[in-house]
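Note that this is a predicted model, so its numbers are computed, not measured.
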Amino acid sequence: GELRYSYTSKRNEKGNSVNRAKKSNTDTIQLRLFPTAEVNDHWKVKARLTATDNMKTDTSGNLSLTYAFAEGDYNKFNVKFGKMPLNSNLDDGLILDSFFSGAQVNFGSKLKVMLEAGRWNLDNANRGIKRGLEKLPDNEDKAASYQGVELNYSSGKLVRAGVGYRHFSSDVFKSAEQYNTTGVLEDTADIWSVGGKYVFDKNVALSGGYAKNTKADKLDQSAIVQFNYKGTKDSDMGSWGATLAYRHVAANSALAPTYFTDQVGSFTRYGSKGFELGVGYVPFKNVRTQLQYFNGKELMTDNKVQTLYGRVSFFF
């Protein structure tokens, strides 16, 4: 399990496009439990239970089932069924860091293939896409049909180099703000991506990713470049690491990036671009601290934006 405390402080030069607030702070504490049950030598059932408390308002959410799936592992072949994490691995979560209901198949050694298909609730997408949900009737389907494939190659210091394609289909895309400007109403998102990571030595690594939605007319391209120095290891007291990154996170290609919720890339309505500096440190065994600072501009308005993000995690 994990108990994490997170603090986020956001600044917007002219106020954000939702409520015109120039600054906002959030304090949350979250409990995550990861039960695993062994079925036999090859199959397990895995789940995550999550409860969150807003420390500013002293309000708590109920303990909820974030995901639950069965996983079969046969050496170089792995299969999952149920509700499970939905991650764009080749670009370190630039496109997606969410959950979906369906199936996933992985196979291969140096060249690994991942196939996914199922349904994804667009309530988990960024605010630019979610604007389309508000225009649907209450009884309308709010989940998108989803199919995806990733090819990743690794060898030696080349930790990862890959290409991916993801297809989403939903009427929500027809009415999502800023999705289409030509008058041709598209009900799909077709996102191609490339990414890679190279390790120079045990301390230095460079990674990057690029994604493009071929069905959107605007905010259709996202990219990241990140430099990593050392890194934290939760069991190693005193270990630390630092990152320096440039992120361009656009709403129609980064649908639910890992920076969207409690990190710093896509914290504005339509995303942002800029530089991020991060530092992690393990002061005690199984206790990780993290501090990140983002400075950039909104993609739609050019407003200057800043975010300071801190987290303390206790693993047990």
Side-chain angles (χ1 to χ4, degrees), residues 4-14 16-17 21-28 87-98 125-128 159-160 193-200 203-212 219 221-232 239-282 288-313:
R4 62 165 59 173
Y5 165 76
S6 300
Y7 170 79
T8 306
S9 178
K10 304 175 184 177
R11 299 292 183 267
N12 188 304
E13 179 185 25
K14 297 181 180 179
N16 64 58
S17 50
K22 291 187 177 182
K23 61 180 181 179
S24 63
N25 300 329
T26 58
D27 291 271
T28 60
N87 293 311
S88 53
N89 299 308
L90 67 88
D91 53 44
D92 288 327
L94 173 63
I95 301 173
L96 289 161
D97 182 0
S98 187
N126 64 57
R127 278 178 257 176
V159 176
R160 180 183 67 254
S193 61
V194 294
K197 183 176 182 179
Y198 186 84
V199 177
F200 296 92
N203 292 326
V204 180
L206 184 67
S207 60
Y210 170 81
K212 180 176 175 61
L219 301 170
Q221 300 180 68
S222 296
I224 56 169
V225 177
Q226 181 166 308
F227 173 81
N228 298 275
Y229 181 72
K230 292 190 173 182
T232 57
S239 65
W240 69 281
T243 61
L244 177 63
Y246 175 78
R247 310 192 190 283
H248 180 112
V249 185
N252 294 330
S253 50
L255 301 189
T258 191
Y259 334 105
F260 175 64
T261 51
D262 55 0
Q263 289 193 4
V264 293
S266 185
F267 63 89
T268 59
R269 188 175 183 180
Y270 296 110
S272 55
K273 61 181 179 180
F275 288 91
E276 175 195 309
L277 176 64
V279 179
Y281 178 65
V282 179
R288 185 201 310 156
T289 61
Q290 180 181 344
L291 186 65
Q292 290 174 266
Y293 173 72
F294 174 83
N295 190 309
K297 294 183 177 180
E298 287 184 316
L299 295 180
M300 289 295 295
T301 66
D302 247 9
N303 286 346
K304 294 179 181 179
V305 289
Q306 300 177 69
T307 296
L308 178 65
Y309 173 79
R311 179 194 294 175
V312 181
S313 295

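Heavy atoms from other residues, nucleotides or ligands lying under 6.0 Å from NZ of K304 number 12 at most.
Under a 3.5 Å cut-off, the side chain of R288 and the backbone N or O of V282 do not form any donor-acceptor pair. The closest donor-acceptor contact from the side chain of S88 to the backbone of I95 lies under 3.5 Å. Counting only distance, with no hydrogens or angles, the side chain of S272 and the backbone of K297 share no donor-acceptor pair below 3.5 Å. Listed for the S222 side chain is a donor-acceptor partner under 3.5 Å among the backbone atoms of A250. Using a distance-only test at 3.5 Å, with no hydrogens or angles considered, a donor-acceptor pair links the side chain of D91 to the main chain of G93. A donor-acceptor pair under 3.5 Å is formed between the side chain of N126 and the backbone N or O of L255.
With sequence neighbours left out, the side-chain hydrogen bond (donor to acceptor under 3.5 Å, both in side chains) criterion links S98 to W120. In this view, Y5 satisfies the ring pair (Phe, Tyr, Trp, His ring centres under 6.0 Å) rule with no residue, not counting sequence neighbours. For Y246, the ring pair (Phe, Tyr, Trp, His ring centres under 6.0 Å) partners two or more places apart in sequence, or in a different chain, are F275. With sequence neighbours excluded, no residue forms a ring pair (Phe, Tyr, Trp, His ring centres under 6.0 Å) with Y7. Shown here are the ring pair (Phe, Tyr, Trp, His ring centres under 6.0 Å) partners of Y229, two or more places apart in sequence or in another chain: W240. Legend: residues meeting salt bridge (charged side-chain N to carboxylate O under 4.0 Å, His left out) with K197, ordered by chain and number and at least two apart, are absent.
At a threshold of 4.5 Å between non-hydrogen side-chain atoms, the residues S193 and L94 do not count as touching. Between S253 and K212 the shortest side-chain heavy-atom distance does not fall below 4.5 Å. A 4.5 Å side-chain heavy-atom check between T307 and T8 finds at least one atom pair inside the cut-off. Under the 4.5 Å side-chain criterion, counting only non-hydrogen atoms from C-beta, Q221 is not in contact with H248. Looking at L299 and K273, their side chains come closer than 4.5 Å, going by heavy atoms from C-beta outward. Taking 4.5 Å as the limit, some side-chain heavy atom of M300 sits within range of a side-chain heavy atom of L219. Between I224 and Y210, every side-chain heavy-atom pair lies at or beyond the 4.5 Å cut-off. Side-chain contact between V225 and L206 is present, with at least one heavy-atom pair separated by less than 4.5 Å.
The distance from atom CG of L277 to atom CZ of F227, rounded to the nearest 0.5 Å, is 11.5 Å. The NZ atom of K230 lies 5.5 Å from the CG atom of N203; values are rounded to the nearest 0.5 Å. Between the CG atom of L90 and the CZ atom of R160 there is a distance of 7.0 Å, given to the nearest 0.5 Å.
Under the 3.5 Å distance criterion, with hydrogens and angles disregarded, no donor-acceptor pair is assigned to the side chains of E276 and Y293. Between the side chains of Q226 and R247, at least one donor N or O lies within less than 3.5 Å of an accepting N or O. Side-chain contact, S9 with R11: a donor N or O sits under 3.5 Å from an acceptor N or O.
Residues T232 and Y281 share a closest heavy-atom pair of CG2-N, 3.7 Å. Scanning all heavy atoms of the two residues, the minimum distance from Y309 to S6 falls at OH-OG, 3.5 Å.
Applying side-chain contact (heavy atoms from CB on, under 4.5 Å) to T258 and the options D92, V249, D97 leaves one that passes, D97.
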